[in-house]
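Numbers here are sequence positions counted from 1. Because the structure is predicted, anything quoted here is derived from the model rather than measured.
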Amino acid sequence: DPDIFIDDKTGLTHLYFTMPLLNKDKTNELSLIHLGHAVGKNLNSLAMTMPALRADTKNTAKEVSIAPVNSKGIRYNLIESSSVENKIWYSTVRVGIAESMDNPWQFGETVFHPKEHGIAWIGGHASPGPLLPRSFIDVGESKLVGIMNGREANKHAGNKILYGMFSVGLFIYDYENGKIDWVSPEPFIQDSEAKTITFASQFVETKPGEGILYAHVDDSFVRAYSLYAKGMRELIP
């Protein structure tokens with residue numbers, strides 16, 4: 001799950017990726033999922049560093065969304081983390097506090113937990129997607145519209161777990177304070193050919209008010225969606 005960030009200030013290319021390790025502690029169901037990191041002048045000169053976030057049995061990290069620098073010079077980035085409650089596994093959205101993109105981050109607060117919101121399309125699993133630039137859609141100072149990947153809550157049939165559909169929704173992120181202000185009550189995109197997964201990963205602005213969102217479908221192919229800021233505004237409070 002690679003995410004590329006090019007630092008405008010230093011010109012360096014940062015690569016973030018999922019780094020899962022087998023947990024040999026049979027008393028805990030979570031594997032150890034670090035947020036790996038490599039940096040270099042370009043993709044051909046990347047060198048591994050310590051993980052941006054090192055997991056333990058209570059903290060996992062993957063699927064990063066890089067936030068702008070706030071007034072304190074800190075980035076409250078977003079990551080997908082996890083929580084197990086009453087043997088039910090949830091994917092949550094959490095803050096990764098980065099005082100520097102070159103050094104390890106710190107785990108911050110959980111800012112979205114599917115169990116607490118009662119939104120059906122994202123009732124079991126939540127993962128932050130790309131934050132859309134203000135040049136594309138502007139919702140106010142220190143706020144950005146983001147793409148959220150969500151999955152319905154798991155269902156159980158005896159000892160078998162039945163996984164729900166993954167869809168794509170919207171959210172508003174206050175990157176100054178590291179808070180999610182709003183998550184759309186309905187999904188924004190569910191691919192017509194998807195059997196279980198529509199997962200948005202990257203946005204490219206092509207002209208004022210227009211852009212392309214790339215999503216992978218069922219871990220099988222990549223779909224490109226045209227997004228129009230004018231229409232999206234009607235979905236945002």
For [X], side-chain contact (heavy atoms from CB on, under 4.5 Å) partners two or more places apart:
X   : value
N42 : N44, S45
A47 : none
K72 : N70, I74

So, using ring-ring contact (aromatic ring centres under 6.0 Å, His included) as the criterion, who are the partners of H216 when residues are at least two apart?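 Expected list: F199.
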All ring-ring contact (aromatic ring centres under 6.0 Å, His included) counterparts of Y90, not counting sequence neighbours: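 For Y90, the residues satisfying ring-ring contact (aromatic ring centres under 6.0 Å, His included) (neighbours in sequence not counted) are H113.
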Short side-chain to backbone donor-acceptor contact, [X] and [Y], under 3.5 Å:
X    : Y    : value
S81  : T60  : yes
D1   : E63  : no
S65  : G129 : yes
R75  : A67  : yes
N149 : A200 : yes
E152 : M165 : yes

Honestly curious: do [X] and [Y] fall in one hydrophobic cluster under the side-chain, below-4.5 Å linking rule?
X    : Y    : answer
V84  : I33  : no
L78  : L35  : no
V39  : F5   : no
L235 : I137 : yes
V204 : L213 : no

How about [X] and [Y]: do any of their side-chain heavy atoms sit closer than 4.5 Å?
X    : Y    : answer
I119 : P114 : no
L144 : L132 : no
M148 : V93  : yes
K9   : M101 : no
L131 : F171 : yes
I236 : I172 : yes
I97  : F107 : no

R54 CZ: over 12 foreign heavy atoms closer than 6.0 Å: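 Count not over threshold, so no.
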Mark yes when over 12 heavy atoms from residues, nucleotides or ligands other than E99 sit less than 6.0 Å from its CD; otherwise mark no.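 Open.
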Can you tell me how far the [atom1] atom of [X] sits from the [atom2] atom of [Y], to the nearest 0.5 Å?
X    : Y    : atom1 : atom2 : value
L15  : H37  : CG    : NE2   : 8.0 Å
L227 : I212 : CG    : CD1   : 9.0 Å
I147 : L170 : CD1   : CG    : 5.0 Å

Run the numbers on S82 and K62 for side chain to side chain contact (heavy atoms under 4.5 Å, CB included), then give the verdict. CA-CA 10 Å; S82 59; K62 58 187 294 190; over 6 Å; no
To check you understand the geometry: which heavy-atom pair defines the closest contact between [X] and [Y], and what is its length?
X    : Y    : answer
A126 : E80  : O-CG, 3.6 Å
A215 : T198 : CB-CG2, 4.5 Å
Q106 : L53  : C-CD2, 3.7 Å
Y16  : A52  : CE2-CB, 4.0 Å
S192 : R223 : OG-NH2, 4.3 Å
G11  : I6   : O-CG2, 4.3 Å

Residues that R134 engages under salt bridge (charged side-chain N to carboxylate O under 4.0 Å, His left out), provided they are two or more places apart: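 Checked R134 against salt bridge (charged side-chain N to carboxylate O under 4.0 Å, His left out); matches are D138.
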Got a sec, which residues hit salt bridge (charged side-chain N to carboxylate O under 4.0 Å, His left out) with D102, two or more places apart in sequence or on another chain?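 Residues passing salt bridge (charged side-chain N to carboxylate O under 4.0 Å, His left out) with D102: none at all.
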Candidate pair H14 and I66, rule side chain to side chain contact (heavy atoms under 4.5 Å, CB included), full reasoning: CA-CA 11 Å; H14 296 263; I66 304 298; over 6 Å; no
Pairwise ring-ring contact (aromatic ring centres under 6.0 Å, His included) hits with a residue in residues 173-196, at least two apart: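 Output for this query is empty, none listed.
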Can you tell me which residue pairs pass the ring-ring contact (aromatic ring centres under 6.0 Å, His included) test with a partner in residues 114-137, sequence neighbours excluded?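 Residue pairs with at least one partner in residues 114-137: W89-H125, F112-H117, F136-F203.
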Taking only residues at least two apart or on different chains, which pairs with a member in residues 224-237 satisfy side chain to side chain donor-acceptor pair (under 3.5 Å)?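 Applying side chain to side chain donor-acceptor pair (under 3.5 Å) to every pair that reaches into residues 224-237, excluding sequence neighbours, yields D191-Y225.
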Give the intermediate values and the outcome of side chain to side chain contact (heavy atoms under 4.5 Å, CB included) for residues V64 and W105. CA-CA 12 Å; V64 65; W105 308 348; 3.7 Å; yes
Can you run down the salt bridge (charged side-chain N to carboxylate O under 4.0 Å, His left out) pairs that involve residues 107-125, sequence neighbours left out, and say none if there aren't any?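 Counting only pairs at least two positions apart or across chains, the salt bridge (charged side-chain N to carboxylate O under 4.0 Å, His left out) contacts touching residues 107-125 are E85-K115, E109-K179.
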According to the salt bridge (charged side-chain N to carboxylate O under 4.0 Å, His left out) rule, which pairs have a member within residues 180-190, sequence neighbours left out?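 Non-adjacent pairs meeting salt bridge (charged side-chain N to carboxylate O under 4.0 Å, His left out): K143-D181.
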Would you please test H156 and I161 for side chain to side chain contact (heavy atoms under 4.5 Å, CB included) and show each step? CA-CA 5 Å; H156 296 264; I161 298 177; 3.8 Å; yes
